[in-house]
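We count ligands from 1, going down the list as the structure has it; atoms in each ligand are counted the same way. Predicted model, so just to flag it, every value in this text is computed and none were measured.
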Amino acid sequence: MAIDARELRNVMGHFATGVTVITTKDTSGKPFGLTANAFSSLSLDPPLVLICVDKKVDCYACFEESKVFVVNFLSEEQEHLSRRFATKGIEKFEGISHQTGECGVPLLDGAMGYIECKLINSYDGGDHTIYIGEIQGAAASGDKPLLFFKGKYYRLPQ
Ligand SMILES: Cc1cc2nc3c(=O)[nH]c(=O)nc-3n(C[C@H](O)[C@H](O)[C@H](O)COP(=O)(O)O)c2cc1C
């Protein structure tokens, strides 16, 4: 059954997700990042996650160059970060408070959780690349995630 891209996007939008900002760096150590919800836990032993990255993102080369990335889980107060890291052609980290993790990649202040990864495998996924990260460190706290559903942001009821 053939399905056109607009309809597919519409169907996929019915799958509710959290929102992450994936951060990485280039060879000089300059930070890069993008908003992403194509993220999944993959394996506990060994500890693995996967992300799917569009081949057209500005930081595409960074993943293979640095072989490190961090998945930052956004909290309900960070919708502005989701919008910012999904905007092309801006200095995404200007004025954004963050720490630098063990692997030299930004951990965004206020995120609900972080997963620091070493890139161990990549697979072609059509117009995206599937990256498998081996978890080097992880932490999480808080209970107020930012949610994404049918193209809009939501929060859990209080
Ligand atoms: C909620 C949301 C989820 C997204 N998920 C992904 C994703 O999983 N993978 C991806 O490559 N782009 C995803 N995007 C799009 C990128 O964030 C966007 O294209 C971004 O501008 C790419 O980074 P660049 O500006 O450095 O090219 C998502 C955008 C939004 C708003």
Side-chain angles (χ1 to χ4, degrees), residues 3 5-43 48-96 98 100-101 103-108 110-135 138 140 142 144-156:
I3 184 162
R6 230 177 84 202
E7 178 57 9
L8 187 55
R9 193 182 278 260
N10 171 44
V11 171
M12 293 305 182
H14 285 67
F15 185 62
T17 67
V19 184
T20 80
V21 168
I22 296 167
T23 49
T24 182
K25 62 180 179 180
D26 70 8
T27 42
S28 73
K30 183 178 177 204
F32 285 83
L34 72 142
T35 301
N37 60 355
F39 156 76
S40 178
S41 167
L42 178 61
S43 163
L48 304 175
V49 297
L50 74 78
I51 58 171
C52 304
V53 177
D54 193 321
K55 291 173 182 171
K56 290 199 281 300
V57 302
D58 292 348
C59 60
Y60 185 70
C62 294
F63 291 92
E64 286 297 344
E65 281 171 14
S66 71
K67 299 245 188 269
V68 286
F69 64 87
V70 170
V71 183
N72 297 265
F73 298 166
L74 296 191
S75 79
E76 65 172 26
E77 280 137 29
Q78 294 180 312
E79 180 178 330
H80 63 292
L81 291 185
S82 176
R83 292 182 183 281
R84 185 181 183 110
F85 281 88
T87 304
K88 281 204 172 286
I90 58 167
E91 276 298 326
K92 293 185 178 178
F93 286 90
E94 209 169 84
I96 301 298
H98 63 273
T100 301
C103 53
V105 172
L107 312 177
L108 301 181
M112 295 230 324
Y114 313 98
I115 302 186
E116 293 193 76
C117 298
K118 183 171 85 179
L119 177 67
I120 57 159
N121 261 312
S122 61
Y123 300 94
D124 187 55
D127 55 11
H128 282 54
T129 297
I130 303 159
Y131 291 116
I132 310 287
E134 185 177 62
I135 300 173
K144 293 180 174 173
L146 182 63
L147 306 175
F148 195 70
F149 176 59
K150 287 167 73 174
K152 291 190 183 144
Y153 294 97
Y154 291 89
R155 285 145 189 86
L156 289 175

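- Among residues two or more places apart in sequence or in another chain, the ring-ring contact (aromatic ring centres under 6.0 Å, His included) test is passed with Tyr131 by Phe63.
- Residues forming a ring-ring contact (aromatic ring centres under 6.0 Å, His included) with Phe85 (at least two apart in sequence, or on another chain): Phe93.
- Between the Lys25 side chain and the Cys103 main chain, a donor and an acceptor come within less than 3.5 Å of each other.
- Every residue two or more places apart in sequence or in another chain was checked for a ring-ring contact (aromatic ring centres under 6.0 Å, His included) with Tyr123, and none qualifies.
- For Tyr153 and Phe148, the ring centers sit closer than 6.0 Å to each other.
- Results of the side-chain contact (heavy atoms from CB on, under 4.5 Å) test with Val49 over Ser43, Ser40, Cys117 single out Cys117 as the only residue that passes.
- Listed by chain and residue number, the protein contacts of ligand 1 are Leu34, Thr35, Ala36, Asn37, Ala38, Cys52, Val53, Asp54, Val57, Asp58, Phe85, Ala86, Thr87, Lys88, Lys92, His128, Phe148, Tyr153 (heavy atom within 4.0 angstrom).
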